[in-house]
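Proteins get letters first, then strands, A, B, ... in listed order; numbering begins at 1 in each. Only this structure's heavy atoms are used, side chains among them; waters, hydrogens and symmetry mates stay out.
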Amino acid sequence: MAFGPAINQLRAHEGQTVTLHGWVYNKRSSGKVRFVILRDGTGYLQCVAFVKDVPQEVFDLMDLVSLESSVTVTGVVRLDQRAPGGVELGLTGLTLHHMAEEYPIGKKEHGTGFLMENRHLWLRSSRQVAILRCRSEIEQSFRDYFYQNGFTLLDSPILTPAACEGTTTLFETDYFGEKAFLSQSGQLYLEPACMALGKVYCFGPTFRAEKSKTRRHLMEFWMLEPEVAFAGLDDVMALAEDFLVYVVSRVLDRCTEELKVIERDTAKLQNVRKPFPRVPYKDAVAQLHALGSDLRYGDDFGGDDETVLTQQYDRPVMVHRYPSAVKAFYMEPDPQDPGLALCVDVLAPEGYGEIIGGSERIHDHDLLLGRIREHGLPVSAFQWYLDIRKYGTVRHGGFGIGLERTVAWICGLPHVRETIPYPRMLHQLYP
RNA sequence: UCCCGGGUAGCUCAGUUGGUUAGAGCGGGUGACUGUUAAUCACUAGGUCGGGGGUUCAAGUCCCUCCCCGGGAGCCA
């Protein structure tokens, strides 16, 4: 099948007769003149015909054709101020591929429950198209940044024998009679790999069986994790900062139209420049106390605390050196204060919360062995992980960034469910 | 698991102190209209008021219970 120009390229074809394929987005009529709005995935095109200008069967079909029917239109491209977008098609031919049944999603408002049940159709709406284009651009920029900065992509396994971090809930599956779990992080596999390749990253789906039911949680989400040999906490923070600045500027540069459709206030994204504030945990706690929080020193931040704290800044905030007790077992203790971990959480502005968590990893064999025992983890299962500390161990570190939370923040969305084509949420596995 | 808020037409919702035959907008159908912009206008079809039980002369409305959905907490990206 020969494809004509895309709707968003039509302006260059003024005066020409073109043929386009798409779906009927809307239709209107006024007696002897009829309008069919065509949608092709790149834009919307008003197609116009007067009764005297086209064969009767074409004019009739313009009225009979149902919303979302698939059609091919032929006509002359012309500029007209009255057309949405300023370009329209003087329709001469209309052929029907399939007459759609009554379309469930109307032009008026719908509830999110109904839209989620019809996610496969909801994807066709202009807002969802714009969001998914932004996601695609963000995902591409994730890969491009690390490719351009000398990292090697290292795919980590999805089926794993045990909890990477021990405690949190995992999806269990059967592996020829043995228990296997869907991965919740590739980090433990990246640490050995960075000793082979220097700078590595992985990017893939991640699974958490936590029964979380909030606007920030999915059971299945995409996470990118870099890991760098010879890197300390300051290097990890600098990397996270440089990376986020790149991603945001890339979206501002290439997704202008999409951000307009979503009605994102891009002024807030323009602020995402170096340097990001680096706030020690203990200073953040003091700051929150001054703002009225009853957070206890030693506790991790709650959702409200994160929101209040990030509202004090116009760009992402890097909170570092949390108490070791609330962080993962593999994090290097701060030599200045061994009760603290050399870790960082990057909190997105506007109340979007944690999008990055990273740290310097323990590189001393005996210290790590002690931590594994303290956490009640089976030493034998972690032998390969401990091995790295026996053969030329070095300081190293990295972070993980959640794609969906990043998309939600950059697009200014109230809920992560719109950032992924088919969200997997608590009690929702359909469509 | 816990705490809130919901469930009425295909969709989004209203429904007073418990009181006659349960309403609107959108969508569907029929018709009108030569430049519509979520077109407009007229007419029309469309309901097990989430399920079960109870109180009452009378329940969409009050009580009990179960189911489902949404938001939040914990946990996390």
For E88(A), which contact category applies under a 4.0 Å heavy-atom criterion: base, sugar-phosphate, or nothing?
base
Checking all strands, does G106(A) fall into the base, sugar-phosphate, or nothing category for heavy-atom contacts under 4.0 angstrom?
nothing
Please compare R34(A) and R82(A) by the position of their nearest nucleotide in RNA chain B and report the one closer to 5'.
R34(A)
With both distances kept under 3.5 Å, what pairs with rC76(B), Watson-Crick or G-U wobble?
none
Please find out if less than 6.0 Å separates the ring center of F181(A) from that of F207(A).
no
Rounded to the Å, how far apart are E117(A) CD and rC11(B) P?
9 Å
Tell me if the aromatic rings of Y145(A) and Y201(A) count as close, with their centers under 6.0 Å from one another.
no
Using atom CD of E404(A) as one end and atom C1' of rC76(B) as the other, report the distance to the nearest whole Å.
14 Å
For rC13(B), what is the paired nucleotide under Watson-Crick or G-U wobble rules, both distances under 3.5 Å?
rG23(B)
At less than 4.0 Å, is any side-chain N or O atom of R215(A) found next to OP1 or OP2 of rA73(B)? Yes or no.
no
Protein-nucleotide distance (L426(A), atom CG; rA73(B), atom C1'), rounded to Å:
14 Å
In whole Å, what is the span from the CE atom of M219(A) to the P atom of rC76(B)?
14 Å
Identify which nucleotide among rC76(B), rG35(B), rA77(B) has an atom closest to any side-chain atom of V48(A), counting heavy atoms from C-beta outward.
rG35(B)
Whole-Å distance separating the CD atom of E102(A) from the C1' atom of rG29(B):
10 Å
Looking only at rC33(B), rA77(B), rU36(B), the nucleotide nearest the R405(A) side chain is rA77(B)
Which comes earlier along RNA chain B counting from the 5' end, the contact point of D80(A) or that of P414(A), where each point is its nearest nucleotide?
D80(A)
Between rC49(B) and rG23(B), how many Å separate the two C1' atoms, rounded to a whole number?
12 Å
Please measure how far the P atom in rC41(B) lies from the corresponding atom in rG15(B), and state the result in whole Å.
25 Å
rG5(B): pairing nucleotide in any strand, Watson-Crick or G-U under 3.5 angstrom
rC69(B)
Any pair with a residue in residues 23-32 of chain A that passes side-chain hydrogen bond (donor to acceptor under 3.5 Å, both in side chains), sequence neighbours left out, goes on the list, sorted by first then second residue, please.
R28(A)-Q46(A)
Which part of the nucleic acid, if any, lies within reach of L218(A) when heavy atoms closer than 4.0 Å are counted: base, sugar-phosphate only, or nothing?
base
Please give the distance between the P atoms of rG31(B) and rG70(B) as a whole number of Å.
41 Å
R405(A) charged N/C atom sitting above Y352(A) aromatic ring, 6.0 Å / 45°
no
Got a donor-acceptor contact below 3.5 angstrom from the E306(A) side chain to the G302(A) backbone?
no
Looking at R278(A) and D234(A), is there a salt bridge between them, counting it only when a charged N and a carboxylate O are closer than 4.0 Å?
no
Under the 3.5 Å rule, do the base of rC76(B) and the side chain of S212(A) count as making a donor-acceptor pair?
no
Atom pair distance, as rounded to whole Å: CZ in F114(A) and C1' in rC13(B):
15 Å
Using atom P in both nucleotides, what's the gap between rU44(B) and rC63(B) to the nearest angstrom?
39 Å
E306(A) has its side chain closest, among rU34(B), rA77(B), rC76(B), to rC76(B)
Please determine if a side-chain N or O atom of H110(A) lies less than 4.0 Å away from the OP1 or OP2 oxygen of rG27(B).
no
Are the ring of F35(A) and the base ring of rG35(B) both nearer than 5.5 Å at their centres and tilted by less than 30°?
no
Backbone of M116(A) reached by a side-chain donor or acceptor of Y430(A) within 3.5 Å
no
The side chain of R216(A) lies closest to which of these nucleotides: rU34(B), rA73(B), rA77(B)?
rA73(B)
R361(A) side-chain N/O to H396(A) backbone N/O, donor-acceptor pair under 3.5 Å:
no
Determine the interatomic distance between P on rC57(B) and the same-named atom on rG71(B); round to the nearest Å.
43 Å
Quantified in whole Å, what is the P atom distance between nucleotide rG51(B) and nucleotide rG10(B)?
14 Å
Whole angstrom value for the distance that separates P of rG70(B) from NE2 of H415(A)
8 Å
What distance, rounded to whole Å, do you find between the two C1' atoms, one in rC69(B) and one in rU8(B)?
15 Å
Can you check the distance between rC3(B) and rA77(B), where both ends of the measurement are the C1' atom (answer in whole Å)?
25 Å
Counting the atoms with a prime plus P, OP1 and OP2 as sugar-phosphate, which does G302(A) contact under 4.0 Å by heavy atoms, base, sugar-phosphate, or nothing?
sugar-phosphate
For S29(A), report the nucleic acid contact type (base, sugar-phosphate, nothing); a contact means any heavy atom under 4.0 Å.
base
In whole angstrom, what separates R208(A)'s CZ from rA77(B)'s P?
5 Å
